[in-house]
Amino acid sequence: GYIEERISGQKVILLFGKEEQVRQEFGEINQKLRKSSILAQAFSGTLGPVNNVTNNLTYLIITVTGAYMILTGHALTVGILFTFILYMRSFIQPINQILSTFNTIQSALAGAERVFEVIDEQKEEYKDNDFCINLDGDVELRDVDFAYVTGNPILKKVNLSASRGKTIAIVGPTGSGKTTIMNLLTRFYDISSGEILMDGQSLLNIEKRGLRRSISMVLQDTFLFSETVRQNIRYGRLDATDQEVEKAARIANAHTFIMQLPQGYDTILKDNGSNLSQGQRQLLAIARAVLSKSAILILDEATSSIDTRTELEIQNAMLQLMKGKTTFIIAHRLSTIRNADEILALKDGEIIERGSHMELMEKGGFYAKLCQAQYKGIAI
C-alpha cells in the first residue's frame, strides 16, 4: 500500500523534494515487514519438523508397546499391530496437510476478515412499491439538520424552496456544507432531522433508483470509465443513439477535441481518462448531463477546470441545459451565478443571506464581500 501510494504521488514527492524522507519511511516499513516475515517463516518452518518428530515418536511408541505385548503373550498379533500403525498414519495425514498449508490459511483468514467487513456492511435499501414517478422538479428543504458524526453538525436549520425551471446558487467558504446539501438531495446520506420534499412527497418515500434517474450531476471531480468516449457520454442515458450522443457533445463544446482523438468517439480512455486533460474530462461530464433527461440538475463546480474562454463558449450550452430544469449550482467563480433566480450564502452550515445578485450586492453583506474579494482582491 505504501509503495502504490508513493508511486501514484511521485510528482508531488519530487516537487517538494521529499525523496530522502520517503526512502527512510520505506526502509522502516520494509524492516518491520522483514522481521515479521522472518518470524512467520521460522514459525512455519518449525511446524513441519516438530510434527514429523511427533509422528515418528508415535510410531515408535506403538511399535515398541505392540512388540512387548506380543512377546509377553498378550492377546495381540502382528496383524493387529500393523493395523494400528496404518490407522495412525491415516489419522496423522490430514494433520500434516493442514500444517503444510498453515501460512496459506493465515493469509486467507486475514483476507477473509477484510472481505467480511464489506459483506457485513448494511445494504442500501430499495423500496420498489414506494412513490416513484417522473419527478417534476419541485424541491423544498424544511429545517434540515445533518451531521456526518454525531455532535458535529454540518447543516443547521437549512430552508430553501425551488420550483421547476428555477436556478438556485449556493456559495460559501470551503467546508460550509454546500456539497453536503447535494448529497442529501441524492440520498447518498439521509438527514438527521427536518424534511426534504420533492413534488410534495417526502424524500424518504421516494424510491432511490427513480430519484437518481431524475437527477443529473456534473461534479468537480469527474470520473470516466476505461471505455470509449461514446460509452462514457452515454452513461447520461443508456438508450441514447449515436446521433444523440454526438449532439450532446456538440452542445457541451466537446465535439472538436473528441474528433482530434485517434479514433474519435471510439477512442478508449485510459484509467479515469488519464489521456485527457482535466478540462476535457469535465466537458465529457457536461455532455453526459446534456444527454440526460432529468428534472433536476446539480452543477458542483462544473466549470472549475475549464479555462475562462472555453467557459464563455459553453455558457449558452449551459443555459440550454438548465432550461426547464430545477438547477442547483455550487460555484466559487461567482461570475457563473450572477443570473441565478436565488443565491444562498452558506456559512458554518447556516444560510445567512439569500436573494438575487443585485439584492445581495446592495445589502453589502457576506456575499458582497465575497464578490469584492474575487474581483478586486480585497480581503474579507
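Throughout, numbering of the chain's residues begins at 1 and tracks the sequence.
- Cluster partners of Val115 are Phe116, Ile119, counting Ile, Leu, Val, Met, Phe, Trp and Tyr whose side-chain heavy atoms approach within less than 4.5 Å, directly or via other members.
- Members clustered with Val12: Leu15, Phe16, by chain and number, using a 4.5 Å side-chain heavy-atom cutoff among hydrophobic residues.
- Between the side chain of Gln231 and the main chain of Thr228, a donor-acceptor pair closer than 3.5 Å is present.
- Asp199 contributes a side-chain N or O that, together with a main-chain N or O of Asp138, makes up a donor-acceptor pair within less than 3.5 Å.
- Distance OG1/Thr186 to NZ/Lys208: 10.0 Å, rounded to 0.5 Å.
- Residue pairs meeting the ring pair (Phe, Tyr, Trp, His ring centres under 6.0 Å) criterion with at least one partner in residues 149-185, sequence neighbours excluded, do not occur; the list is empty.
- Side-chain contacts under 4.5 Å among hydrophobic residues (ILVMFWY), followed directly or transitively, place Phe82 together with Leu86.
- By the 6.0 Å contact criterion, CG on Leu60 is enclosed, its count of non-hydrogen atoms from other residues, nucleotides or ligands being greater than 12.
- The list of salt bridge (Lys or Arg N to Asp or Glu O under 4.0 Å) pairs with a residue in residues 151-167, not counting sequence neighbours, reads Asp145-Lys157.
- Taken from CD1 in Ile154 to OG1 in Thr180, the straight-line distance is 6.0 Å, to the nearest 0.5 Å.
- Clustering ILVMFWY residues whenever any of their side-chain heavy atoms sit less than 4.5 angstrom apart, transitively, puts Ile80 in the very cluster that holds Tyr59.
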For residues 259-270, tabulate all N or O donor-acceptor pairs below 3.5 Å that involve a side-chain atom, not counting sequence neighbours.
residue, atom, partner, partner atom, Å
Tyr265, OH, His255, ND1, 2.6
Thr267, OG1, Gln263, N, 2.9
Thr267, OG1, Gly264, N, 3.2
Thr267, OG1, Gly264, O, 2.9

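- Residues Asn159 and Arg142 bring no donor and acceptor atom of their side chains to less than 3.5 Å of each other.
- A salt bridge links Arg23 to Glu20: one of the charged nitrogens lies within less than 4.0 Å of a carboxylate oxygen.
- By the 6.0 Å contact criterion, CZ on Phe223 is enclosed, its count of non-hydrogen atoms from other residues, nucleotides or ligands being greater than 12.
- Side-chain contact between Thr256 and Arg250 is absent, with no heavy-atom pair separated by less than 4.5 Å.
- Atom CD1 of residue Ile296 and atom CZ of residue Phe328 lie 6.5 Å apart, to the nearest 0.5 angstrom.
- Here CD1 of Ile343 is found 10.5 Å from CE of Met358. Values are rounded to the nearest 0.5 Å.
- The ring pair (Phe, Tyr, Trp, His ring centres under 6.0 Å) pairs that include a residue from residues 191-221 number zero, where partners must be two or more places apart or lie in different chains.
- The two atoms that bring Pro153 and Ala147 nearest to each other are CA-CB, 3.7 Å, heavy atoms only.
- Side-chain atoms of Glu350 never come within 3.5 Å of backbone atoms of Lys347 as a donor-acceptor pair (strictly under, hydrogens ignored).
- Ile298 has its side chain out of reach of Val218: every pair of non-hydrogen atoms, C-beta onward, lies at least 4.5 Å apart.
- Closest heavy-atom contact between Ile258 and Ala249: CD1-CB, 4.0 Å.
- Following chains of ILVMFWY side-chain contacts shorter than 4.5 Å, one cannot reach Tyr235 starting from Val290, and the two form parts of different hydrophobic clusters.
- One finds no salt bridge joining Glu244 and Arg234 here, because no Lys/Arg side-chain nitrogen approaches an Asp/Glu carboxylate oxygen to under 4.0 Å.
- Residues that satisfy the ring-ring contact (aromatic ring centres under 6.0 Å, His included) test with Tyr189, not counting sequence neighbours, are Phe146, Tyr148.
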Would you tabulate the side-chain donor-acceptor contacts of residues 64-71 under 3.5 Å, counting partners in other chains and residues two or more places apart, or write 'none'?
residue, atom, partner, partner atom, Å
Thr65, OG1, Ile61, O, 2.7

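- When all heavy atoms are compared, the tightest approach of Ser216 to Ser292 is CB-OG, 3.7 Å.
- Side chains of Ile330 and Leu299 form no contact here, defined as non-hydrogen atoms less than 4.5 Å apart.
- Lys363 contributes atom NZ, which lies 5.5 Å from atom CG of Leu360 (distance to the nearest 0.5 angstrom).
- Closest heavy-atom contact between Ser176 and Asp348: CB-N, 4.0 Å.
- One hydrophobic cluster, built from ILVMFWY side chains closer than 4.5 Å, cannot hold both Leu33 and Ile38; they sit in different ones.
- Taking the side chain as every heavy atom from C-beta outward, Glu246 and Arg230 approach each other to under 4.5 Å.
- Looking at Ser214, its side chain never comes within 3.5 Å of a backbone N or O of Ser294 through a donor-acceptor pair.
- Take Glu5 and apply the salt bridge (charged side-chain N to carboxylate O under 4.0 Å, His left out) test, not counting sequence neighbours, and it matches no residue.
- Met182 has its side chain out of reach of Leu184: every pair of non-hydrogen atoms, C-beta onward, lies at least 4.5 Å apart.
- Looking at heavy atoms from C-beta onward, Leu346 lies in side-chain contact with Ile181 at the 4.5 angstrom threshold.
- Remark: side-chain polar atoms of Arg281 are paired, donor with acceptor, to backbone N or O of Leu276 under 3.5 angstrom.
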If you apply the rule side chain to side chain contact (heavy atoms under 4.5 Å, CB included), what do you find for Leu284 with Leu224, and how did you get there? CA-CA 9 Å; Leu284 292 184; Leu224 298 176; 3.9 Å; yes
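- No path of Ile, Leu, Val, Met, Phe, Trp and Tyr side chains, each step under 4.5 Å between heavy atoms, connects Phe225 with Ile233, placing them in separate hydrophobic clusters.
- Here the side chains of Met198 and Ile215 are in contact, with some heavy-atom distance below 4.5 Å.
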Identify every side-chain donor-acceptor pair in residues 24-32 under 3.5 Å, counting partners at least two apart or on other chains, and give the distances.
residue, atom, partner, partner atom, Å
Glu25, OE1, Tyr2, OH, 2.7
Glu25, OE2, Gln21, NE2, 3.1

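- Remark: Ile206 CD1 to Ile196 CD1 distance equals 10.0 Å, nearest 0.5 Å.
- Not a single donor-acceptor pair under 3.5 Å links the side chain of Glu195 to the backbone N or O of Ser202.
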Any chance you could lay out the side chain to side chain contact (heavy atoms under 4.5 Å, CB included) test for Leu185 and Leu141, step after step, and finish with the verdict? CA-CA 9 Å; Leu185 290 178; Leu141 275 68; 3.9 Å; yes
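- Hydrophobic clustering of Ile, Leu, Val, Met, Phe, Trp and Tyr side chains at less than 4.5 Å, counting indirect connections, keeps Leu197 apart from Leu160.
- The 12-atom threshold is exceeded at CZ of Phe257, counting heavy atoms of other residues, nucleotides or ligands nearer than 6.0 Å.
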Report the C-alpha separation of Val158 and Ile351 in whole Å, then their side-chain angles, then the decisive distance to 0.1 Å, and conclude whether the side chain to side chain contact (heavy atoms under 4.5 Å, CB included) test is met. CA-CA 6 Å; Val158 173; Ile351 297 175; 3.7 Å; yes
Side chain to side chain contact (heavy atoms under 4.5 Å, CB included) between Thr167 and Lys325, intermediate numbers included: CA-CA 8 Å; Thr167 299; Lys325 296 183 179 182; over 6 Å; no
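- Between Asp239 and Arg237, the closest side-chain pair of non-hydrogen atoms falls below 4.5 Å.
- Residue Val53 is found in a hydrophobic cluster whose other members, listed by chain and number, are Leu57; membership requires side-chain heavy atoms under 4.5 Å apart, directly or through intermediates.
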